[in-house]
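Note that these values count all heavy atoms, side chains included, but never hydrogens, waters or copies made by symmetry.
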Amino acid sequence: MKDITILLAEDHKLIRVGIKTLFDEADGFKVIGEAEDGKTAVALSCSLKPDIILLDLGLPDISGIKVIEKLVEKEINSKVIVLSSSLNEADIKKCLASGVYAYVVKDINTESLLQIVKAVYEGAMWLDPKIVPFLRNNNEQIIPQKPVKRSVFRETHFNLTQREYEVLKLIVDGKSNNDIANELCISEHTAKAHVCNVIQKLVVDDRTQAAVKAIKEGIVN
């Protein structure tokens, strides 16, 4: 199996070196280019045609969003993963509307980043749990809602219990297992079990996908 090729577009050298080291030490990945500004990112994307572009939004010459626009114009088929510290709603909306495959907040742990890159390469979309509340409240055009009556929901989503439905609403609000436990006055172990049940019954891979599915299908409001 060939290595997943990656272009890093990050202006902070320390961060860029750290990310490159992470992928260099992991099996199945190969960093084939590094860019510290937007123009270089566009040029290297055109010449190297990487599988994945890890893109910071705050580049010094042109913004990451402008880079994405230029890649779309040039019909570059690389899959863009935004890796940013920004939780600005306008940035998030523009990125998702442009067709990025993942929006990752920079406090992500290293193992998760490796898994996200692999999943995106295989065709998945990944959204950081921190931006799920934004999707729920502000992003109907990107994830159009389809109202579903509670009775229909129970029939079509594998009979979530009332408690699991409450847990799902809290997942959509971006709550952690500890937050859910405190909100519902249950143990964290029980909260984790409910989250696992919700993920299994909605036939998704993780809590973020569960939240996105709930928003898209109008399960929560």
Q: Hey, mind stepping through K79 and I53 against side chain to side chain contact (heavy atoms under 4.5 Å, CB included) and telling me if it holds?
A: CA-CA 6 Å; K79 295 177 178 179; I53 301 170; over 6 Å; no
Q: Quick one: do I116 and I108 satisfy side chain to side chain contact (heavy atoms under 4.5 Å, CB included)? Show the steps, please.
A: CA-CA 10 Å; I116 291 165; I108 193 80; 4.0 Å; yes
Q: Going by ring pair (Phe, Tyr, Trp, His ring centres under 6.0 Å), name the pairs with one or both residues in residues 5-41, residues two or more places apart or in two chains.
A: F23-F29
Q: Taking all atoms of both residues into account, what is the closest heavy-atom pair of L59 and A9, and its distance?
A: CD2-O, 4.0 Å
Q: Starting from the C-alpha separation in whole Å, work towards a yes-or-no answer on salt bridge (Lys or Arg N to Asp or Glu O under 4.0 Å) for E183 and K175.
A: CA-CA 9 Å; E183 186 87 15; K175 303 295 186 181; 5.1 Å; no
Q: Counting C-beta onward and ignoring hydrogens, is there a side-chain heavy-atom pair between D51 and S78 closer than 4.5 Å?
A: no
Q: With a 4.5 Å cut-off on side-chain heavy atoms, are D56 and D11 touching?
A: yes
Q: Can Y121 and K118 be said to form a side chain to side chain contact (heavy atoms under 4.5 Å, CB included), step by step?
A: CA-CA 5 Å; Y121 173 73; K118 183 177 180 181; 5.6 Å; no
Q: Does K30 have any side chain to side chain donor-acceptor pair (under 3.5 Å) partners at least two apart in sequence or in another chain, and if so, which?
A: none
Q: Do D24 and T21 pass the side chain to side chain donor-acceptor pair (under 3.5 Å) test, and can you show the C-alpha distance, the side-chain angles, and the key distance before you say yes or no?
A: CA-CA 5 Å; D24 284 346; T21 300; 5.6 Å; no
Q: Using a strict 4.0 Å threshold on nitrogen-to-oxygen distance, state whether R16 and E34 make a salt bridge.
A: yes
Q: Could you list all the ring pair (Phe, Tyr, Trp, His ring centres under 6.0 Å) pairs where at least one residue sits in residues 187-212, not counting sequence neighbours?
A: none
Q: Any salt bridge linking E10 with K106? Criterion: basic side-chain nitrogen under 4.0 Å from a carboxylate oxygen.
A: yes
Q: Write down the atom of S45, the atom of P50, and the distance for their closest heavy-atom approach.
A: O-CD, 3.8 Å
Q: Are V104 and V82 side-chain neighbours, meaning at least one heavy-atom pair lies under 4.5 Å?
A: no
Q: Assigning hydrophobic clusters by single linkage (Ile, Leu, Val, Met, Phe, Trp, Tyr; side-chain heavy-atom cutoff under 4.5 Å), is L55 placed with V17?
A: no
Q: Tell me whether N109 at atom CG has more than 12 heavy atoms from other residues, nucleotides or ligands lying less than 6.0 Å away.
A: yes
Q: Please name the pair of heavy atoms, one in Y103 and one in S86, separated by the smallest distance, quoted to 0.1 Å.
A: OH-O, 2.7 Å
Q: Could you tell me whether E69 and K66 have a side-chain N and a carboxylate O separated by less than 4.0 Å?
A: yes
Q: Please check this pair: side chain of S84 against backbone of V105, looking for a donor-acceptor N/O pair closer than 3.5 Å.
A: no
Q: May I ask you to say whether R163 pairs ionically with E166, meaning some side-chain N is under 4.0 Å from a carboxylate O?
A: yes
Q: For L54 and I19, run side chain to side chain contact (heavy atoms under 4.5 Å, CB included): C-alpha distance rounded to whole Å, both residues' side-chain angles, the deciding distance at 0.1 Å, then the answer.
A: CA-CA 10 Å; L54 272 178; I19 295 174; 4.0 Å; yes
Q: Identify the two heavy atoms, one from E164 and one from V198, that lie closest to each other, and give their separation to 0.1 Å.
A: O-CG2, 3.5 Å
